J.: 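One structure follows; several queries about it will come next.
These figures come from a predicted structure and were not determined experimentally.
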Amino acid sequence: MQKVRNPIAGSAAGMQGGHLETVSGHKTDKSEVSVTEPKLLDRRKFLTVGAVVAAAPMVAKAADALAFVSPRRRMLAVPPPGVRSRREFLDRCTSCGLCISHCPQGVLKASLEEYGLLRALHPVKDYDLSWCIYDCTRCADLCPTGALHPLTISEKRRSRVGLADVDRSLCISYNDGVNCGACSRRCPADAISMTPASGCNGPLPVVDASRCIGCGACQYVCPSRPKAIVVNGIS
C-alpha cells in the first residue's frame, strides 16, 4: 500500500471519460491533478535488508561469545567430522541443516561469518555450547551432498577437524596452583597431560598433536574466562 499525496486521487474519486469527478460533482481535468506514482522497492534490496535485520541478534550473540576467547587468538572455524578437504566441504554443502538438526549433542550450529559471509548457514561447531561425542558419526552419515563423508567409529576417532591450543597465561592450574585438570580428564583421546613446569604454581596442560582430533571436550569444560584451552580449525 502506498500513500497518495493528493486526496483527489484517492479511492473516493471516480474515473469517467478521462476526467476525475470529485465528491462535489465538479469535473477536474486529470492533467490538473498531481498524482504521485508509487515507488516500487527492489525485491533483491528488500530481501537483503530483511536478511540483515534478521541476522542482527545472531551477530550480537556471536560478538558476546568472543568475550570467552583470548584476544590474541585468531580462530579458524571447526567443521563437522567427515570433511576430506575444507574447500570440498564449503563447495558441496548446501546448508540443508540435516547435520545440525540431528546432532545428538547440539554442538553444531549454522554459521554466520565463520566461513565468510558467502558461506553463511554452513554447519560449524561451537564448543562453548557442547562438544562432539567421540564415537558419534551421525552427521557424516546423514549428509546428502558429499560435503561430509561417512565414517566408521574407528575412522571417527582418527578424523581430525581441529587442534586444541593452550594459553598458559589464562590457565588457573598453571598460574594459581588450582587443582583443575578438567581438560585432561575429559579428553577422550588421552591427548592432554598435566605436565609440571618450573617457575609456576601448578602443572600446565600439554596437548599431544598426534592424538588430538579437535572434539572440543576440553574447551567446553575449561572453567577459565576467557578459555585457557580452545580448539582451532585446521586448513
Side-chain angles (χ1 to χ4, degrees), residues 51 55 58 61-62 65-66 68-69 73-166 183-193 205-222 227 229-235:
M58 294 185 290
K61 184 177 180 181
L66 291 178
F68 293 97
V69 178
R73 298 173 178 176
R74 182 182 180 275
M75 300 303 298
L76 190 63
V78 182
V83 173
R84 289 184 179 172
S85 78
R86 198 174 187 86
R87 174 54 56 190
E88 180 190 58
F89 163 68
L90 294 176
D91 288 344
R92 290 191 175 186
C93 178
T94 60
S95 304
C96 69
L98 275 175
C99 56
I100 297 174
S101 61
H102 287 81
C103 177
Q105 197 70 2
V107 69
L108 292 176
K109 68 175 185 179
S111 65
L112 293 175
E113 45 75 38
E114 290 90 338
Y115 301 117
L117 293 178
L118 295 180
R119 306 290 188 177
L121 305 182
H122 281 32
V124 63
K125 289 183 177 181
D126 187 341
Y127 292 136
D128 289 328
L129 294 176
S130 188
W131 72 95
C132 184
I133 300 175
Y134 194 45
D135 292 337
C136 179
T137 63
R138 185 173 299 180
C139 58
D141 294 338
L142 286 173
C143 181
T145 66
L148 306 177
H149 296 269
L151 297 169
T152 65
I153 297 299
S154 177
E155 290 172 334
K156 168 65 184 298
R157 292 178 176 181
R158 301 191 306 270
S159 178
R160 177 184 295 170
V161 293
L163 183 63
D165 172 60
V166 177
C183 56
S184 178
R185 292 193 301 272
R186 183 60 68 92
C187 179
D190 294 326
I192 304 174
S193 59
V206 175
V207 179
D208 183 349
S210 67
R211 300 180 67 92
C212 176
I213 64 170
C215 71
C218 56
Q219 179 176 330
Y220 179 75
V221 300
C222 179
K227 298 281 189 176
I229 185 167
V230 296
V231 177
N232 207 355
I234 53 179
S235 58

J.: Heavy-atom distance under 4.5 Å between the side chains of K109 and E114, does that happen here?
T.: yes
J.: What are the two closest non-hydrogen atoms of I229 and C222, and how far apart are they?
T.: CG2-CB, 3.9 Å
J.: Using 30° and 60° as the class boundaries, would you call the ring planes of F89 and H122 parallel, tilted or perpendicular?
T.: perpendicular
J.: Is the number of heavy atoms from other residues, nucleotides or ligands within 6.0 Å of CD1 (I153) greater than 12?
T.: yes
J.: Taking the side chain as every heavy atom from C-beta outward, state whether W131 and R186 have any atom pair closer than 4.5 Å.
T.: yes
J.: Between V207 and C212, which heavy-atom pair has the shortest distance, and what is it?
T.: CG1-CB, 4.0 Å
J.: What residues form a side chain to side chain donor-acceptor pair (under 3.5 Å) with S159, not counting sequence neighbours?
T.: none
J.: Which heavy atom of L90 sits nearest to which heavy atom of R119, and what is that distance?
T.: O-NH1, 2.9 Å
J.: I'd like to know if the side chain of K156 reaches the main chain of P81, judged simply by a donor and an acceptor atom lying under 3.5 Å from each other, with no hydrogens or angles considered.
T.: no
J.: Any side-chain heavy atom of R86 within less than 4.5 Å of one from L76?
T.: yes
J.: Do you know the tightest heavy-atom contact between A189 and R211?
T.: O-NE, 3.0 Å
J.: What closest approach, in Å, do H149 and G146 show between heavy atoms, and which atom pair accounts for it?
T.: NE2-O, 3.3 Å
